[in-house]
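What you see is a predicted model, and the numbers here were worked out from it, not measured in a lab.
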Amino acid sequence: MSCDHSAPPSPAAPSRARGLADELDSRLRPALRPGAHKVVVLLLDGVYPFELGIPHRVLGSAGGRYEVLSASVDGRSVRTDSDLTVTPGQGPEALAEADTVVIPPFAISPAAAAPDPPALAALSRVRPGARLVSICTGVFLLAAAGLLDGRRATTHWALTDYFQELFPRVEFDPGVLFVDHGDVLTSAGATSGVDVCLHLVRQDHGSEVANQVARSCVMPPYRDGGQAQYIERPLPPAGGSRTGPTRDWALQRLDLPLSLDEMAAHAAMSSRTFSRRFREETGVSPGRWLTQQRLRRARHLLESSDLPVERVAHEVGFATATSLRRHLAAEAGVAPSAYRRTFRASGPAGAASRKPGSDFSRN
């Protein structure tokens, strides 16, 4: 005979579990807010399952600020590039009411000249003023429609030659995560779709909401669109120091005039070795990385505080307000005061009246 001395389960335990599950479900699928921004994800034949879910997961985690729907070009099921088929809830008519249209990547081959006519016909339903966003090969549809002629755009770096051959009028940039023209955004492969969707949240509602979305999705809150794609860079040699601890150390001292020699000394390396390893691990030079981090901190302070521009510049390590203005203008195309007005107007009260992508263009 065996004796079980464990305590019987509490009758309250299942109800507590259900309560926690309901709370999680409400966080992941919050009720839509009045006037929620309508996003339609256009699925093309051969769509990649991972990327088609990104807009739903990221934008759908913004507290009901976005209504995210999926549509196909004919309202029918769509074959993915994997061993499954998906059935979107909408047909192409949904595109006419979208505020933003996202085109996730789909399988292409060198033998294919361009997306087929039904896809182009579906895209033509998008109303004027709606924002268009492509992830990875989704850019091929935008380019085939002539929407990128004379503009900068990006996609996965491995498709550089093929894309440029098909669309010579597009200024192709294979070395960035995404490009934002305000009305049209293009992004690189796979996880850059997460970056561009989080960027949309940040543009529409500010850094606080974007940070909440990032926490909900358990992902980094920000990667600048100009950050390099990871393009066949060899891994740093095994053994020895790495630059990660020094980057963490520097982030706690952005208000100080950090030099390359100081960072190298912290990493116990020569300046030359540190610069080489830093670039291997981040894709940018130490100086460029510091500028990116200072601008990131400055943007947050401009959005979330009333500090004067001169004080913001001091807090993030720029020698003068003029230096901050110059760097921010190069990155975002606006002065700090205009940047602050833009994001102060994008809170809950002002977001509904803003036109998608109308604030400023990065390019």
Side-chain angles (χ1 to χ4, degrees), residues 135-136 139 152-161 163-164 171-180 185-196 198-199 202 214 219-300 313 316-319 323-324 326-333 362-363:
I135 302 174
C136 195
V139 72
R152 239 177 106 230
T154 194
T155 186
H156 194 289
W157 60 266
L159 297 169
T160 298
D161 293 340
F163 185 89
Q164 289 179 318
E171 183 186 341
F172 185 67
D173 187 345
V176 295
L177 294 178
F178 59 83
V179 177
D180 180 357
L185 297 87
T186 57
S187 62
T191 57
S192 65
V194 174
D195 294 305
V196 75
L198 195 58
H199 174 73
R202 192 169 184 274
M219 62 189 184
Y222 183 74
R223 287 201 300 171
D224 190 279
Q227 182 171 326
Q229 293 185 37
Y230 296 102
I231 305 176
E232 292 188 332
R233 292 192 181 92
L235 292 174
S241 300
R242 293 291 180 265
T243 66
T246 297
R247 293 199 300 274
D248 293 338
W249 173 81
L251 286 174
Q252 304 303 316
R253 295 164 174 78
L254 287 180
D255 58 320
L256 302 176
L258 298 173
S259 68
L260 172 62
D261 289 343
E262 288 174 310
M263 294 176 70
H266 180 271
M269 303 181 196
S270 69
S271 297
R272 182 174 181 179
T273 298
F274 178 78
S275 294
R276 174 174 55 81
R277 290 191 173 175
F278 196 99
R279 187 178 289 275
E280 286 173 345
E281 295 177 19
T282 68
V284 295
S285 68
R288 174 59 181 156
W289 180 85
L290 272 175
T291 298
Q292 289 175 344
Q293 302 310 310
R294 284 175 169 145
L295 283 172
R296 176 183 173 185
R297 182 77 58 81
R299 289 167 71 148
H300 175 75
V316 302
F318 287 114
S323 180
L324 171 59
R326 176 169 56 83
H327 284 291
L328 188 62
E331 182 198 57
R362 290 176 53 84
N363 303 284

State, to 0.1 Å, how close [X] and [Y] come at their nearest heavy-atom pair, and which atoms those are.
{"X": "Pro174", "Y": "Thr160", "answer": "CB-OG1, 3.3 Å"}
{"X": "Met263", "Y": "Ala250", "answer": "CE-CB, 4.3 Å"}
{"X": "Val139", "Y": "Ala153", "answer": "CG2-CB, 4.4 Å"}
{"X": "Gly317", "Y": "Arg294", "answer": "CA-NE, 3.7 Å"}
{"X": "His156", "Y": "Gly189", "answer": "CD2-CA, 4.0 Å"}
{"X": "Ala298", "Y": "Val316", "answer": "N-CG1, 3.6 Å"}

### Leu295 and Leu324, any side-chain heavy atoms less than 4.5 Å apart
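The answer is yes; the side chains approach within 4.5 Å.
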[atom1] of [X] to [atom2] of [Y]: how many Å apart, nearest 0.5 Å?
{"X": "Leu254", "Y": "Thr291", "atom1": "CG", "atom2": "OG1", "value": "10.5 Å"}
{"X": "Phe172", "Y": "Thr186", "atom1": "CZ", "atom2": "OG1", "value": "8.5 Å"}
{"X": "Gln292", "Y": "Arg297", "atom1": "CD", "atom2": "CZ", "value": "14.0 Å"}
{"X": "Phe274", "Y": "Arg279", "atom1": "CZ", "atom2": "CZ", "value": "12.0 Å"}
{"X": "Leu328", "Y": "Ser323", "atom1": "CG", "atom2": "OG", "value": "11.0 Å"}
{"X": "Ser187", "Y": "Asp180", "atom1": "OG", "atom2": "CG", "value": "11.0 Å"}

#### Entry: Donor-acceptor side-chain pairing of Thr243 and Thr246 below 3.5 angstrom
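Result is no, nothing qualifies.
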### Task
Mind telling me whether Trp289 and Phe278 have parallel, tilted or perpendicular rings, with 30° and 60° as the class edges?
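Perpendicular: the ring planes of Phe278 and Trp289 meet at over 60°.
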Does [X] use its side chain to pair, donor to acceptor, with the backbone of [Y] at less than 3.5 Å?
{"X": "Thr154", "Y": "Ala188", "value": "no"}
{"X": "Ser275", "Y": "Arg272", "value": "no"}
{"X": "Arg277", "Y": "Arg242", "value": "no"}

### Query
Listed by chain and number, what are the side chain to side chain donor-acceptor pair (under 3.5 Å) partners of Glu262, not counting sequence neighbours?
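Glu262 satisfies side chain to side chain donor-acceptor pair (under 3.5 Å) with Ser259 only.
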### Partners passing side chain to side chain donor-acceptor pair (under 3.5 Å) against Asp261 (at least two apart in sequence or in another chain)
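Applying side chain to side chain donor-acceptor pair (under 3.5 Å) to Asp261 gives Ser271.
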### Message
Please list all pairs meeting salt bridge (charged side-chain N to carboxylate O under 4.0 Å, His left out) that have one or both residues in residues 246-260, counting only residues at least two apart or in different chains.
### Response
Arg247-Glu281
